[in-house]
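From a predicted model like this one, the values you see are computed outputs, not experimental measurements. If you read the sequence from its start, that first residue is 1, and numbering goes on from there.
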Amino acid sequence: MSSKLDITRVRNIGIAAHIDAGKTTVTERILYFTGKTHRIGEVDEGQATMDWMPQERERGITITAAATSVLWKGHQINVIDTPGHVDFTAEVERSLRVVDGMVALFCAVGGVQPQSETVWRQAEKYSVPRIAFVNKMDRTGADFFQVVQEIQQELGAKALPVVLPIGAEEEFTGLVDLIHNEALYYLDGAAGTEIELGPVPRELQAQARTAREALVEGVCEEDEVLMEQYLKGGEISPQELIAGLRRATIAGRAVPVLAGAAFRNKGVRRLLDAVVEFLPSPVDLPPVQGTWNGAPVTRAPKDNEPLAALAFKVQADRHVGKLLYLRVYSGVLRTGDTVLNTSRDVRQRIGRLFVVHADHREPVQELRAGDVGAAVGLGETFTGDTLAQADSPILLAPIEFPAPVIDLAVFPARRTDADRLSRALADLAHEDPTFFVKPNPETGEVVVSGMGELHLEIIVDRLRREFGVEVTTGQPQVAYRETVIASAEHEGKLVKQTGGHGQYAHVVLRVEPHDPGAGLEFETKVVGGRVPKEYVPAVERGIVEAMAEGPYAKFPMVDLRVTLLDGSYHEVDSSEQAFRTCAAQVFREACRKAGLRLLEPLMDVEVTVPEGELGAVMGSLASRRGRIVGLETRGKLQVVHAEVPLSAMFGYASELRSLTSGRGEFTMTFARYEAMPEALAEEVVARRSTS
């Protein structure tokens, strides 16, 4: 059903964290305690409701963001459970783009881990208010206060605990609610599903008083009204404290911190209360911002406003075809409506609308302001597109995704499957903005690009299972890049006479290195109309086209500053095409003069190992051209922080398992591109030229 509640009682939230922090376990408990399911699905048993893909259930990890909707104390909470593995960071990116609030999960033992930082920064980019949940308080080595300190120091957040754990590890039995100054005890005889309220334990009373005072002070520092009341010595009631903390959370100035052990059903109901109490409804946030014809446009979250909706996910579904996930920011979207896709300037008719619960869909007639749902019938709409009323258009900011860093050649096992493979890859590319498909006309193979080995492994598995296409694969290839070493200038002319109009263009270009991650910066210093203004964009297009295949090893070029210094034209024979062709030729020669080097993706790698295997693991990383940048102790484990080239990390999972008897684990996130040693670069170039 579409939201029939007042929009102030709607919460659109994402659950995000480092891998294995317990996101899906928390979501399963949310479903259970809100009555959405009557049996708790366990991730380890492959029975989690939200992990519905076969690949998710087999591996015990979340691969695709899954949505559902639950009711809690008169509020509708639309939940998006996101993956924690870095290979599927696009799922987190698009989810955080459309939610109003986020629950950030942290492992009580692991604390702030690499992917924790990544999702936190993603939430900051979209100004998403956050609450934190320290999970796994029942694990050996759990330390609530250490995690709070890490959130403050490593994430720069004003973390304000609203609960204190009663005990830890096997002794974790309940929570002290600092707002209401009472204790919640979980009765283990009922598997933690029954709660008993009582006074704060005597041994925790002094600590609870200090913690509550710190909470009150922290909230008052962010709220002028409460600060004045506090300084006058007035008592801050629980309701005033909740209201003040809610305002600070929505403004992004504070992060309430809760605790629990979701696997043992502890702390999840208090977390649901916190979602309702502290995270915003759509009307608590500023109206959504967009543009049209260069002018700013806003839409308030009201049903009577013109329609504004963002497509944030595409899913190929064997039953209904292309399923499009939508967030409706304003207006009402109805079955049968004709809407304008302002991103592509096409009109489309809404076939059917659904609210979604993992892989189950419930048909509805409409989606209203604040709703998250799905639609079919929008064949020409893709991730990041805006849907609006034709007579009141708005274009919302698209979703930005990271570039893929690894390539893989795929071939159909049978020649007769070539067309089916092509269609399947196109469907998967429409679903996943970090998955690219590039046919190689020279070799006849198809090269696919993704975020990591696991990402492409899942893609190949889906080709076989969902699309029935058997494929064989080549070795994974790193997505290298090229750039220039120094500054150089080159002058060139294109002069062709072929009878009738000829072709004439003359340009002088300077190329020079730019900052890492800067891409291309193009400018013109031509004066006196020596290159007419209408031809300058053609020069830039020619450069962009040439950058797609660099002169060194035919890898894409990055991080360049290119300046058009001079040139000339012919009144009859000059054209945009001539300047584009000429600019591409001159650019390539200027790059050769400047000198070229190969860049390789460098990864931030975090390896967690028992102390006895630390030496072997550090030696292994060094043999893979890794640089150790930090070491830390986490309980009885050692954590190694290193920077390692992606090309050296293939097969590392198997080696780490062998070195640590299966007790070690690692995560890997893209850091930056860095120059490759010349001898290794020449090897890559040689392989490239013979393949």
Side-chain angles (χ1 to χ4, degrees), residues 103-106 108-109 111 130-139 141-153 157-188 192 194-223 226-227 229-231 233-249 253-262 264-278:
V103 177
L105 260 62
F106 299 91
V109 181
R130 278 143 280 172
I131 61 177
F133 183 72
V134 181
N135 192 27
K136 303 193 176 184
M137 280 300 303
D138 57 329
R139 283 264 306 272
D143 190 335
F144 174 76
F145 302 101
Q146 176 64 33
V147 178
V148 172
Q149 187 177 343
E150 289 181 17
I151 294 171
Q152 292 168 335
Q153 293 178 348
K158 185 169 186 173
L160 297 176
V162 294
V163 298
L164 289 181
I166 300 174
E169 302 179 346
E170 284 297 317
E171 302 300 316
F172 176 58
T173 56
L175 300 169
V176 174
D177 185 332
L178 296 175
I179 293 177
H180 298 94
N181 201 30
E182 63 183 5
L184 293 75
Y185 296 96
Y186 297 99
L187 305 183
D188 282 335
E194 289 187 17
I195 298 175
E196 187 174 273
L197 297 179
V200 177
R202 185 179 295 110
E203 65 273 16
L204 285 179
Q205 285 178 358
Q207 186 183 17
R209 272 195 302 273
T210 304
R212 190 179 196 280
E213 188 64 23
L215 173 62
V216 171
E217 286 182 9
V219 173
C220 290
E221 284 170 3
E222 305 299 337
D223 196 289
L226 289 183
M227 176 58 86
Q229 184 177 332
Y230 179 71
L231 292 175
E235 182 67 27
I236 307 294
S237 71
Q239 291 70 30
E240 290 170 325
L241 192 54
I242 289 170
L245 186 50
R246 176 182 179 79
R247 289 190 291 268
T249 303
R253 297 195 300 268
V255 177
V257 185
L258 298 103
R264 299 185 186 275
N265 306 316
K266 298 177 180 180
V268 176
R269 281 159 288 184
R270 185 66 190 89
L271 174 63
L272 282 165
D273 289 341
V275 167
V276 168
E277 290 169 347
F278 305 128

Does any N or O in the side chain of Q152 come within less than 3.5 Å of the main-chain N or O of A159, such that one atom is a donor and the other an acceptor?
yes
Evaluate side chain to side chain contact (heavy atoms under 4.5 Å, CB included) for V109 paired with K136, printing each intermediate quantity in order.
CA-CA 8 Å; V109 181; K136 303 193 176 184; 5.7 Å; no
Donor-acceptor check, side chain of N135 to backbone of A262, threshold 3.5 angstrom: yes or no?
yes
Gap between atom OG1 of T210 and atom CG of L215 - 0.5 Å precision
12.5 Å
Applying salt bridge (Lys or Arg N to Asp or Glu O under 4.0 Å), which residue pairs with at least one partner in residues 202-220 are found, sequence neighbours left out?
none
Derivation of the side chain to side chain contact (heavy atoms under 4.5 Å, CB included) call for F172 and K266:
CA-CA 9 Å; F172 176 58; K266 298 177 180 180; 3.9 Å; yes
Taking the side chain as every heavy atom from C-beta outward, state whether L231 and M227 have any atom pair closer than 4.5 Å.
yes
Taking salt bridge (Lys or Arg N to Asp or Glu O under 4.0 Å) as the cut-off, I'd like each qualifying pair that reaches into residues 157-169, sequence neighbours left out, listed once.
K158-E221, K158-E222
Residue set satisfying side chain to side chain donor-acceptor pair (under 3.5 Å) with E240, at least two apart, ordered chain then number -> Q229, S237
So, taking the atom named CG in L272 and the one named CD in E277, what distance separates them when rounded to the nearest 0.5 Å?
10.5 Å
Among all residues two or more places apart in sequence or in another chain, which pass the side chain to side chain donor-acceptor pair (under 3.5 Å) test with R246?
D284
What I'd like to find out is whether the side chain of L105 reaches to under 4.5 Å of the side chain of V103, using heavy atoms alone.
yes
For the CZ atom of R130 and the CD1 atom of I151, what is their distance to the nearest 0.5 Å?
11.0 Å
If I take atom CD1 from residue I242 and atom CD1 from residue I236, how far apart are they, to the nearest 0.5 angstrom?
13.0 Å
Side-chain donor/acceptor of Y186 to backbone N/O of G267, under 3.5 Å:
yes
Going by the rule salt bridge (charged side-chain N to carboxylate O under 4.0 Å, His left out), which residues pair with D143 if we only count those two or more places apart in sequence or in a different chain?
none
For D223 and L226, which heavy atoms make the closest approach, and how far apart are they?
OD1-N, 3.2 Å
Counting only heavy atoms not in Q205 (residues, nucleotides, ligands), do more than 12 fall under 6.0 Å from its CD?
yes
Minimum heavy-atom distance between A261 and D138, given as atom pair plus value:
CB-OD1, 3.4 Å
Any idea which heavy atoms bring L178 and A208 closest together, and the distance?
CD2-O, 3.7 Å
Looking only at non-hydrogen atoms, find the nearest pair between V163 and A259 and report the distance.
CG2-N, 3.5 Å
For P199 and Y185, the nearest pair of non-hydrogen atoms, with its separation, is O-OH, 3.3 Å
Provide the closest heavy-atom pair for F106 versus A132 in the form atom of the first, atom of the second, distance.
CE1-CB, 3.8 Å
For the pair L271 and I131, evaluate side chain to side chain contact (heavy atoms under 4.5 Å, CB included) and give the outcome as yes or no after the intermediate values.
CA-CA 9 Å; L271 174 63; I131 61 177; 3.9 Å; yes
As a quick check of understanding, evaluate side chain to side chain contact (heavy atoms under 4.5 Å, CB included) for F145 and L164, giving each step before the final call.
CA-CA 9 Å; F145 302 101; L164 289 181; 3.7 Å; yes
The criterion is side chain to side chain contact (heavy atoms under 4.5 Å, CB included); which residues satisfy it with L204, sequence neighbours excluded?
I166, V176, V200, P201, Q207
Does any non-hydrogen side-chain atom of L197 lie less than 4.5 Å from one of L184?
yes
Just to verify, which of V219, V257, V255 counts as forming a side chain to side chain contact (heavy atoms under 4.5 Å, CB included) with L160?
V219
